[in-house]
Amino acid sequence: MNRNRVALITGITGQDGSYLTELLLSKGYDVHGIIRRASLFNTDRIDHLYADPHENSRLHLHYGDLSDASGLRRVLDQIQPDEVYNLGAQSHVKVSWDQPEYTADITGMGVLRLLESIRCHQDSLGRKVRYYQAGSSEMFGAAKPRQFEGTPFQPRSPYACAKVYGHYQTINHRESYGMFCANGILFNHESPRRGETFVTRKITRAATRIKLGLQKKLYLGNLDAKRDWGFAGDYVDAMWRMLQQDEPSDFVVATGVSISIKDFVRLVFAQVDLDWQDFVEIDPRYFRPAEVDHLEGDPSKAMKHLGWEPKTSVEALARMMVDSDMKLALREQVLMEAGHNEAPRGGYR
């Protein structure tokens with residue numbers, strides 16, 4: 001009896017994990033995700049996809065962690081995936097300076113644990129698994145734009161260093177063991193599901209709250225840094241396409257257009273009819289120990305070999321995020337007027 005294709009996603013509860021889950025389910029996959037045990041549920045981004053497993057849901061969740069190799073191997077042996085997408089990481093660049101060892105362990109060594117678990121799983125069961133490693137434009141760091149697959153990495157944070165390690169470990173397993181391992185070097189990709197401490201979401205959430213009188217100021221760091229921003233929903237399609245190729249390779253995924261954080265702020269505040277200069281202040285605590293000035297990707301290889309292209313402009317992305325966050329701000333306003341003090345999440349003040 002033919003079975004559905006099976007995918008395993010680490011980091012399934014994150015922004016990318018939720019969009020990738022939607023995509024794979026739409027293509028008829030059975031999707032399994034690894035989640036970390038916590039005292040509170042953290043599945044908000046995929047709750048709309050999850051059904052009671054007793055009702056034959058095609059989405060299944062398993063407790064696990066990239067720090068636990070034996071647990072990863074058990075999940076692999078249990079579900080026998082055709083494809084594995086490693087989206088799990090300590091993914092906040094600023095936090096990586098506060099927790100460099102933890103970041104290196106999960107974001108770097110976690111890749112090795114997962115790759116070795118897959119290799120042993122393949123060898124013991126005599127089957128092939130296709131592996132996707134989520135890389136980051138932060139790996140390029142101080143390298144001059146435009147960055148492409150052959151641009152030398154110059155990482156400028158513990159997070160970026162860990163991602164570089166994972167990137168090369170993925171290549172090593174591909175070349176040493178003949179495994180199907182692909183690296184996606186994704187430039188900044190955002191959405192309404194982006195965590196509220198990431199700069200784009202911090203900006204859109206603050207602008208909508210300021211518009212409704214729920215917040216007075218937005219504090220940011222380096223406004224001159226330039227980034228290549230795309231829509232996460234577009235980028236997960238590139239991930240999937242990488243694992244459908246005849247041979248594995250590495251691909252930059254980007255829009256090829258960059259703007260400064262200041263320009264993004266201006267764009268967002270204009271959409272709520274406010275002058276950003278009246279509300280934005282610089283706070284030195286948000287400067288990084290080592291700044292990354294300009295990231296702008298060249299997606300030519302992905303466009304040529306994957307048939308992929310970005311569909312969402314940064315202007316459309318900002319509008320999407322503002323519209324979503326305005327709904328949250330309106331809800332917060334109603335609750336406050338009714339006497340419920342709903343504290344803002346993410347720490348904007």
Side-chain angles (χ1 to χ4, degrees), residues 7-26 31-36 38 40-50 59 61 66 84-96 103 106-107 110 132-138 159-160 162-163 166 184-206 208 227-242 253-255 261 264 268 295 297 308 310-314 316-325 327-328 345-348:
L8 174 64
I9 303 173
T10 70
I12 194 171
T13 59
Q15 169 190 254
D16 293 6
S18 66
Y19 283 110
L20 180 61
T21 299
E22 287 178 345
L23 176 69
L24 295 178
L25 289 174
S26 74
V31 179
H32 295 255
I34 291 178
I35 61 173
R36 289 175 295 177
L40 298 174
F41 288 112
N42 62 350
T43 58
D44 293 2
R45 294 184 180 97
I46 57 172
D47 282 346
H48 66 292
L49 301 171
Y50 192 70
L59 173 58
L61 301 179
L66 288 170
V84 174
Y85 297 84
N86 183 29
L87 312 184
Q90 189 302 98
S91 60
H92 200 286
V93 177
K94 182 67 168 65
V95 171
S96 75
T103 301
I106 300 302
T107 308
Y132 169 82
Q133 170 60 25
S136 168
S137 59
E138 290 287 333
Y159 167 77
K163 280 294 187 182
I185 308 173
L186 272 59
F187 280 64
N188 295 65
H189 47 291
E190 317 297 318
S191 77
R193 300 179 192 175
R194 182 55 121 169
E196 295 178 14
T197 59
F198 288 82
V199 68
T200 51
R201 185 75 195 289
K202 181 177 178 179
I203 293 165
T204 59
R205 187 80 164 101
T208 53
R227 294 292 184 269
D228 183 331
W229 278 304
F231 173 47
D234 294 342
Y235 284 31
V236 297
D237 178 59
M239 299 178 189
W240 175 77
R241 289 171 183 257
M242 289 180 209
V253 181
T255 69
I261 293 175
F264 189 83
V268 167
L295 296 175
W308 176 87
K311 299 177 181 178
T312 309
S313 68
V314 68
L317 173 64
R319 169 56 63 189
M320 180 195 310
M321 295 176 69
V322 167
D323 288 347
S324 176
D325 278 332
K327 293 177 183 177
L328 290 180
R345 297 163 291 169
Y348 307 103

task: Starting from the C-alpha separation in whole Å, work towards a yes-or-no answer on salt bridge (charged side-chain N to carboxylate O under 4.0 Å, His left out) for Arg193 and Asp44.
output: CA-CA 9 Å; Arg193 300 179 192 175; Asp44 293 2; over 6 Å; no
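- The only option from Val236, Leu59, Ile9 that meets the side-chain contact (heavy atoms from CB on, under 4.5 Å) definition with Leu24 turns out to be Ile9.
- Relative ring orientation between Tyr235 and Trp308 is described as perpendicular, the plane-to-plane angle rising above 60° on a 0-90° scale split at 30° and 60°.
- Nearest heavy-atom pair, Ser136 versus Ile185, reported as atom, atom and distance to 0.1 Å: O-CG2, 3.8 Å.
- Under the 3.5 Å distance criterion, the side-chain polar atoms of Thr10 are matched with a main-chain donor or acceptor of Leu87.
- Here the straight-line distance linking atom CD of Gln15 with atom CG of Leu20 works out to 12.0 Å at 0.5 Å rounding.
- Between the CG atom in Asn188 and the OG1 atom in Thr255 there is a gap of 9.5 Å [rounded to 0.5 Å].
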Report the C-alpha distance between Thr312 and Met320 in whole Å, list the side-chain angles of each, state the deciding distance to 0.1 Å, and finish with yes or no for side-chain contact (heavy atoms from CB on, under 4.5 Å).
CA-CA 10 Å; Thr312 309; Met320 180 195 310; 4.2 Å; yes
- Message: Using side-chain contact (heavy atoms from CB on, under 4.5 Å), reason through Leu23 and Met239 one step at a time and then give a plain yes or no.
- Response: CA-CA 10 Å; Leu23 176 69; Met239 299 178 189; over 6 Å; no
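- Between Tyr132 and Tyr85, the two ring planes are tilted [angle within 30° to 60°].
- Across Phe264 and Ala318, no two heavy atoms sit closer than the pair CE1-CB, 4.1 Å.
- Of the inter-residue distances, the one linking Ile12 atom CD1 with His32 atom NE2 reads 9.5 Å to the nearest 0.5 angstrom.
- Arg241 and Asp237 are joined by a salt bridge, as a carboxylate oxygen and a charged side-chain nitrogen come within less than 4.0 angstrom of each other.
- Judged purely by atom type and a 3.5 angstrom limit, Lys163 uses its side chain to pair as donor or acceptor with the backbone of Ala134.
- When all heavy atoms of Leu317 and Gly230 are compared, the pair lying nearest together is CD2-O, 3.4 Å.
- Between the side chain of Thr107 and the backbone N or O of Gln90 there is at least one donor-acceptor pair closer than 3.5 Å.
- A distance-only check finds no donor-acceptor pair linking the side chain of Arg194 to the backbone of Arg201 [under 3.5 Å].
- Listed here is the closest heavy atom pair of Ser91 and Tyr159: CA-CE1, 3.6 Å.
- Remark: side-chain polar atoms of Glu190 are not paired, donor with acceptor, to backbone N or O of Trp229 under 3.5 angstrom.
- Note that CG of Leu66 and CD1 of Ile34 are 7.0 Å apart. Values are rounded to the nearest 0.5 Å.
- Separating the CG atom in Leu49 from the OG1 atom in Thr43 is a distance of 10.5 Å, to the nearest 0.5 Å.
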- request: Could you please spell out the steps behind the side-chain contact (heavy atoms from CB on, under 4.5 Å) verdict for Asp234 and His189?
  value: CA-CA 9 Å; Asp234 294 342; His189 47 291; over 6 Å; no
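- The two atoms that bring Ala254 and Asp228 nearest to each other are CB-OD2, 3.4 Å, heavy atoms only.
- Taking each heavy atom of Thr208 and Thr204 in turn, the nearest pair found is OG1-O, 3.1 Å.
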Margin query: Let's go through Ile203 and Ile261 carefully: what are the C-alpha distance in whole Å and the side-chain angles of both, what is the deciding distance for side-chain contact (heavy atoms from CB on, under 4.5 Å) to 0.1 Å, and is it a yes or a no?
Written below: CA-CA 10 Å; Ile203 293 165; Ile261 293 175; 4.2 Å; yes
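- Side-chain contact between Arg319 and Asp323: present, with at least one pair of heavy atoms (C-beta onward) separated by less than 4.5 Å.
- Rounding to the nearest 0.5 Å places OG1 of Thr197 at 3.5 Å from NE2 of His92.
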